[in-house]
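Notes follow the structure.
Counting starts at 1 for both ligands and their atoms, following the listed order. Source: prediction; values computed, not measured. What's counted below: heavy atoms across the whole structure, side chains too, no hydrogens, waters or symmetry copies.
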Amino acid sequence: MAYEMVIGLEVHTELATKTKIFCSCPTQFGGEPNTHVCEVCSGMPGTLPVLNKKVVEYAIRTGLATHCNITRLNKFDRKNYFYPDLPKAYQISQLYLPICTEGYVELTGGKKIRIKEIHMEEDAGKLLHDATPDGTLADYNRCGVPLLEIVSEPDFRSAEEVVDYIEKLRAILQFTGVSDCKMQEGSLRADINLSVREKGSDTLGVRTEMKNMNSLRAIARAINSEFERQAEILEDGGKVIQETRRWDDAKGESSGMRSKEDAQDYKYFPEPDLPPIVITDEQIEAIRAQMPELPEDKKRRYMEELGLPEYDTGILTGSVALVELFETVSELCGDAKTTSNFIMGDVMRLLKDAGKQPEEMDFDPAALATLIKLLNGKKISRQTARKVFEKVFSDHIDPEQYIKENKLEIVTDTGAIKPVVEKVIAANEKSVNEYKGGKTQALQYLIGQCMRELRGQAPAQEVTKMLRELLDN
Ligand code: ADP
Ligand code: MG
Ligand code: ZN
């Protein structure tokens with residue numbers, strides 16, 4: 001039997017507002033446990049939430065960037081459950097009237113992943129299981145940090161599509177300034193709902209859910225492993241149980257955690273402490289007018305105006321950090337194409353080798369612009385540019401000074417090349433005689449020797465020409 005995977009994602013993103021969603025505590029990541037809390041976000045009796053308007057604005061920005069309809073009359077609802085990271089024993093969320101509905105995100109190949117809805121809600125605290133051997137500690141700093149939950153339709157058919165979608169969504173959220181999307185800090189995390197069905201079937205199978213995944217690599221591995229597991233169960237004539245599963249990335253396997261709860265289990269009801277929010281057309285248009293250029297528009301512009309290849313523009317517009325680097329460097333050196341090639345080749349390779357994200361780059365873009373100018377001016381070779389850039393990338397050296405100190409400029413002056421060629425001819429009598437006897441490989445050897453003497457910093461054509469001249473006369 002041939003099976004296919006069907007996946008729907010619920011992505012949670014922490015918003016980059018300065019203060020929390022219903023109080024004025026800071027949203028800043030980290031901090032001494034329980035220092036970013038007040039009576040409101042720690043759920044003291046007699047306190048009332050006050051909505052942070054920025055959250056609504058950020059939700060609208062996200063909705064516009066993902067082609068959603070914006071709901072004009074919004075309400076909040078209470079999702080009731082007890083867990084030690086939730087001091088109020090309920091989460092304020094939106095069940096009945098989410099702020100955005102029916103949008104989509106376009107993947108690299110053009111496939112559209114439909115967005116069912118986006119709603120606003122508050123984050124819970126964090127439990128620290130390993131802080132003390134005596135038990136578990138609770139840190140409520142994260143309680144009340146604003147979240148958007150972005151729910152897709154079950155449109156994914158592979159792990160690659162899921163990873164691509166998260167990358168696209170991350171770029172949208174970063175470009176609109178809605179979230180920093182630091183996955184390692186949990187400000188972007190995904191719940192993976194996955195079911196398996198016979199290829200060609202149009203009914204959905206029973207799904208499982210893996211929650212709070214915050215690494216793209218782990219997400220891809222978890223998806224492929226869960227697909228195998230469910231397909232095997234079906235192949236053996238068994239039934240998949242609807243449940244929440246925990247992915248253990250170190251072991252490379254998931255295990256059942258609890259059977260899946262439904263919406264009615266939470267006894268949702270309208271939030272009585274917050275008035276409905278009315279969003280006007282004027283408000284939406286004002287936000288639309290202030291939207292920055294989105295990755296898909298940038299991509300089109302890079303292709304049409306700068307003539308960059310589609311693949312490269314896709315990578316470049318995949319992160320704010322890469323776009324900033326690209327735009328700064330190409331402005332400084334005046335050569336967008338070489339800048340793009342350098343980023344696609346050298347920058348991406350060094351990031352990969354260092355296990356770093358583009359946001360973690362900390363070298364001076366002006367140093368890269370300088371190298372590109374030197375390269376274009378034929379002052380250094382491509383190879384030198386690459387080597388020196390490695391030093392710029394990791395040790396923040398000054399490229400011009402480094403090139404001078406290490407004598408890496410191309411020797412263009414024939415006066416400097418000639419004595420080297422003469423020296424090589426004098427030292428390699430055997431090869432010289434072979435060449436004169438008609439063995440052309442001998443010339444290659446002599447060129448190699450000259451280039452070595454010149455530490456590769458001379459144009460090979462120039463060396464060859466001079467060598468020929470001296471040998472043939
Ligand atoms: P819940 O209320 O349990 O969170 P939803 O209906 O909101 O359930 O769906 C949550 C996510 O799961 C959505 O992204 C949806 O597309 C996805 N999903 C629902 N059913 C399936 C299924 N059978 N297989 C894969 N994904 C599914
Ligand atoms: Mg859900
Ligand atoms: Zn607070």
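Ligand 1 places these atoms under 4.0 Å from at least one heavy atom of Pro154: 16 (O), 26 (N). For ligand 1 and Leu204, the ligand atoms under 4.0 Å from any heavy atom of the residue are 23 (N). Below 4.0 Å from some heavy atom of Ser195 lie the following atoms of ligand 1, by number and element: 22 (C), 23 (N), 24 (N), 25 (C). Which parts of ligand 1 touch Gly205 is read off a 4.0 Å heavy-atom cut-off, strictly below it: atoms 23 (N). Each of the following atoms of ligand 1 lies closer than 4.0 Å to a heavy atom of Leu9: 14 (O).
Among the atoms of Val151, none of the N or O lies under 3.5 angstrom from an N or O of ligand 1.
The SG atom of Cys38 and the SG atom of Cys25 meet at the Zn ion (ligand 3) at an angle of about 100°, given to 10°.
Of the N and O atoms on the side chains of Glu400 and Thr370, not one donor lies less than 3.5 Å from an acceptor on the other residue. For the residue pair Asn74 / Gln94, a side-chain donor-acceptor distance below 3.5 Å is found, with atom types taken as modelled. At a cut-off of 3.5 Å, with distance as the only test, no side-chain donor of His12 or Glu14 sits close to an acceptor on the other residue. Side chains of Asn214 and Gln184: no donor on one and acceptor on the other come within 3.5 Å.
Using a 4.0 Å cut-off between charged side-chain N and carboxylate O, Asp85 and Lys126 make no salt bridge.
At a heavy-atom distance under 4.0 Å, no atom of Val206 approaches ligand 1.
Counting backbone and side-chain atoms alike, His36 contributes no N/O/S atom closer than 2.8 Å to the Zn ion (ligand 3). Within the 2.8 Å limit, Cys41 places at least one N, O or S atom next to the Zn ion (ligand 3).
Without hydrogens or angle criteria, Lys116 side chain to Pro154 main chain gives no donor-acceptor distance under 3.5 Å.
Every salt bridge (Lys or Arg N to Asp or Glu O under 4.0 Å) that Lys168 has, sequence neighbours left out, goes to Asp164.
Listed here is the closest heavy atom pair of Cys181 and Thr13: SG-OG1, 4.3 Å.
Which of Glu153, Glu209, Arg207 comes nearest to atom 8 (O) of ligand 1 through a heavy atom is settled by distance: it is Arg207.
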